[in-house]
Amino acid sequence: MPKPRVIYWFRTDLRLHDSPALAAALALSPEVLYPIWTWDPHYVYRARVGPNRWQYLLDCQNDLSGSITKLNPRSKLLVIREAPQTLFSKLFRAWRITHLVFEKDTDAYAKERDDEVVRLAREAGVQVVVKTGRTLYDPDELVKMNNGKPTMSISQVIAAGKKIGAIPRPIPAPDWLPGLGDTDLGFEQEKPKSEPDVNALQRDGHEASYSALAGPNADFAVPTMEELGLKVATTPHRGGETAALRALDEIIANEEYTATFEKPKTAPTAFEPQSTTLLSPHMHFGSLSCRLFYWRAQDVVDKHKGKASQPPTSLTGQLLFRDMYFGAQAALGFRFGQTYNNPQCRFIPWHLPSKIDTSTGMITGEYQVDSAEAEAHLRRWKEGCTGFPWIDALMRQLKREGWIHHLGRHAVACFLTRGGCYVDWERGAEVFEEWLIDHEAACNIGNWQWLSCTAFFAQFYRCYSPVAFPQKWDKEGNFVRKYVPELARFDKKYIYEPWKAPIADQKKWGCQIRGDGSIMTDGEMEVYPKPMFEFPTRRDICIQGMKNAYHVGLYGNSPQVLDGSWRRLFDDQAEGPTGGTEGPAGAMVEHEDNEGHGKARPVAEGPSPKHTKKMAAGSEKKAGHKREASQGTLDGMVTRKKKKDGEVFPNRTHFG
DNA sequence: GCTGATGTTGTACTA
DNA sequence: CTAGTACAACATCAG
């Protein structure tokens with residue numbers, strides 16, 4: 001029996017420690033082991049990735065390659081520049097591969113890609129070994145133990161996890177690796193389609209990702225930012241397993257911090273050092289095993305029984321939330337990333353809704369500009385010139401550094417969606433996807449749904465104020481002073497609402513408050529924009545809009561959402577109709593032009609007559625429900641049809 | 001099916 | 001400065 005010739009396919013597991021998949025590869029006692037990375041055009045052209053996350057990936061790859069070489073001088077990470085879907089068949093043949101091993105990934109795209117690669121392996125007679133290692137529990141297992149349903153609350157995760165059993169203890173890194181075999185390729189590179197390219201703006205140089213299979217020097221080296229044509233990264237955060245393990249050691253060494261950590265009590269205004277661990281980007285790239293993190297934290301908690309914090313607020317609780325989002329994504333697939341056709345998402349008629357591809361039922365990546373005002377709000381939010389220093393400081397930190405505190409994410413997400421701009425959460429999620437170094441599709445999508453009260457969370461009347469909230473954490477405004485330096489000299493009395501400062505003081509402190517962000521300076525004087533709306537007014541409008549949408553009671557898979565007839569159930573100009581004229585499923589709906597959409601007004605108390613008149617067909621009244629009792633006069637109120645098991649996923653459209 | 005408590009992370013006001 | 005309360009009101013969970 002000849003010894004196995006193994007490809008170990010690195011993806012989001014850029015580490016040697018606690019890797020069940022790598023251990024499984026070594027357990028085959030291979031003759032040769034090829035550690036490879038496939039430079040996937042999906043991430044180069046289709047997924048939104050900014051320079052900071054690219055840099056972080058390269059950090060991880062360089063560190064990993066170095067660590068591999070330390071274990072065997074005749075090995076390193078081989079970066080191969082072709083789509084895995086076209087590469088593998090050729091690679092199996094060229095290197096006479098017998099086994100392909102990789103870590104399981106339940107991300108919607110990854111699942112589709114891996115299914116295809118597994119198919120190619122079968123075709124080539126190559127055995128495939130897949131192991132879980134990305135989450136505490138296997139997300140598919142978690143869903144199974146949750147009665148086949150997406151995990152939508154932390155108690156469901158804990159209950160399902162109990163049924164699965166103990167979270168495995170981490171396994172040590174290998175102390176040796178087999179060497180590479182012959183690395184001749186002997187086949188042509190299939191160049192990927194570079195259009196459409198959502199990342200064109202991330203580059204300022206010539207894009208040469210696919211110059212040659214093994215790179216410009218034919219040595220399989222990790223690319224450089226320059227080579228990829230990417231703009232220079234501005235993040236101070238560096239990736240790599242070595243840095244990750246060092247950071248974890250430092251955190252765990254502080255037993256008090258580790259044992260008593262409570263997320264809601266960590267300051268979103270803290271910087272140098274931050275109040276949370278900053279381990280999330282390491283877990284995204286797999287340069288840190290979440291199970292190593294879990295057990296090192298849990299061991300400290302066990303040692304300090306009694307005074308230690310508990311899930312969900314503790315450190316281990318944060319990891320359980322991560323598993324919850326992975327479980328929801330694993331159950332829903334691509335639908336998880338959009339409201340349209342997602343049974344878990346409440347339907348809210350946000351501004352700037354996604355365009356839908358009617359043949360697939362998927363969002364296209366483009367959106368309808370139903371309101372010029374909302375479009376301006378989105379642009380100013382993204383660029384950090386809303387005129388609210390707390391929001392702008394966070395967005396500027398996000399753009400520059402690729403990371404902001406979890407509660408800061410709450411603040412800007414609430415502000416963009418249900419607590420200010422009434423813009424679709426999918427727009428915000430796209431910006432985070434582009435800029436976060438720890439962008440994890442499942443967690444990002446889940447958190448945006450949470451904050452926008454689309455799924456997971458529903459208390460829309462709890463609304464973050466861009467003034468009161470940061471005041472609670474940082475009375476001096478030091479965070480704002482760092483990231484919005486033009487306000488650095490303002491008195492703390494005005495630091496979160498500088499437009500209230502007298503003109504004379506503004507001049508004295510070297511910054512005028514005027515304009516919409518398009519003017520940055522005026523001679524010697526700096527300029528910071530006026531707030532783009534009066535927040536208390538907008539908050540009230542948004543809360544009324546949310547209340548109204550909740551009353552209408554549609555979900556992403558409601559027939560009226562699928563065919564576009566939902567518009568008839570919402571008042572024109574009440575916050576917020578989209579004013580669009582194209583139905584998502586191509587259904588043209590009669591609809592007056594929403595002229596002057598700038599002036600949204602709060603809807604009257606309770607649902608308007610329109611809602612009582614036009615019920616959502618397919619919904620039914622909840623007789624005797626206390627919500628109806630409290631609104632007794634509103635006889636047409638519609639609520640969600642109670643779903644029974646098996647009804648959650650109507651097989652209405654085809655996916656994948 | 002009902003009730004009451006709870007839900008990682010609100011605000012504004014009062015005492 | 002901190003603790004408690006009303007605000008207006010959602011979904012889930014335990015019993």
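All of these numbers come straight from a predicted model, not from anything done at the bench. In what follows, chains are A, B, ... by sequence order, proteins preceding strands, each numbered from 1.
- Under 4.0 Å is where a charged nitrogen must lie from a carboxylate oxygen, and between A:K399 and A:E383 at least one such pair does.
- Only the P atoms considered, C:dA3 is 22 Å distant from B:dT8, to the nearest whole Å.
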How does protein contact run along nucleotides 9-15 of chain B, one letter per nucleotide 5' to 3', with B for base contact, S for sugar-phosphate only, - for none, heavy atoms under 4.0 Å?
-> BBSS---
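- Test A:F456, A:W450, A:F326 against A:F321 for side-chain contact (heavy atoms from CB on, under 4.5 Å) and you get one pass: A:W450.
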Any chance you could encode DNA chain B as dot-bracket? Rule is Watson-Crick or G-U wobble with both distances under 3.5 Å; [ ] for pairs crossing earlier ones, | for another strand.
-> .||||||..||||||
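- Each of A:S153 and A:F460 was assigned the nucleotide of DNA chain C with the nearest heavy atom; the assignment lying further toward the 5' end belongs to A:F460.
- As judged by a 4.0 angstrom heavy-atom cut-off over every strand, A:I154 is placed among residues touching the sugar-phosphate backbone only.
- With hydrogens and angles left out, the side-chain atoms of A:E401 and A:N52 include no donor and acceptor closer than 3.5 Å.
- Straight-line distance from the CG atom of A:N548 to the C1' atom of C:dA9: 15 Å, rounded to whole Å.
- Per the geometry, CD1 belonging to A:I543 stands 12 Å off P belonging to C:dC10, to the nearest Å.
- Across C:dC13 and B:dG1, the matching C1' atoms stand 14 Å from one another, rounded to whole Å.
- Looking at heavy-atom distances under 4.0 Å, A:E262 makes no contact with the nucleic acid at all.
- Between A:H284 and A:H439, the ring planes are tilted. Angles from 30° to 60° get that label.
- Looking at A:E272 and A:K482, a side-chain N of the basic residue comes within less than 4.0 Å of a carboxylate O on the acidic one, giving a salt bridge.
- Atom CZ in A:R418 sits roughly 17 Å away from atom P in C:dA8 (whole-Å rounding).
- Comparing the P positions of B:dC2 and C:dA9 gives an interatomic distance of 22 Å, to the nearest angstrom.
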Tell me, for nucleotides 1-7 of chain C in 5' to 3' order, what letter each nucleotide earns: B for a base near a protein heavy atom under 4.0 Å, S for only sugar-phosphate near one, - for neither?
-> -------
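- Across the protein-nucleic acid pair, A:H405 atom NE2 and B:dT8 atom P stand 17 Å apart, rounded to whole Å.
- In this pair, A:Y422 and A:H351 present their aromatic rings perpendicular. The plane angle is above 60°, beyond the 30 to 60° band.
- Electrostatic pairing of A:R48 and A:E434 does not count as a salt bridge here, judged by no charged N lying under 4.0 Å from a carboxylate O.
- The CE atom of A:M152 sits 9 Å away from the P atom of C:dT12 (whole-angstrom rounding).
- Counting only residues at least two apart or in different chains, salt bridge (charged side-chain N to carboxylate O under 4.0 Å, His left out) contacts with residues 307-316 of chain A comprise A:E256-A:K307.
- Straight-line distance between the P atoms of C:dG4 and B:dT6: roughly 15 Å, to the nearest whole Å.
- Between A:Q156 atom CD and C:dA14 atom C1' the separation is 14 Å, expressed in whole Å.
- Nearest to the side chain of A:K547, among C:dC13, C:dA9, B:dT8, sits C:dA9.
- A search for salt bridge (charged side-chain N to carboxylate O under 4.0 Å, His left out) contacts involving A:K265 returns A:E262, not counting sequence neighbours.
- The ring pair (Phe, Tyr, Trp, His ring centres under 6.0 Å) test applied to A:W295 returns no partner, not counting sequence neighbours.
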Between A:D249 and A:R296, is a salt bridge (Lys or Arg N to Asp or Glu O under 4.0 Å) present by the stated rule, with each step listed?
-> CA-CA 9 Å; A:D249 281 343; A:R296 291 201 63 188; 2.5 Å; yes
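- Under the side-chain hydrogen bond (donor to acceptor under 3.5 Å, both in side chains) test applied with A:D392, the options A:Y528, A:Y483, A:W381 reduce to a single match, A:Y528.
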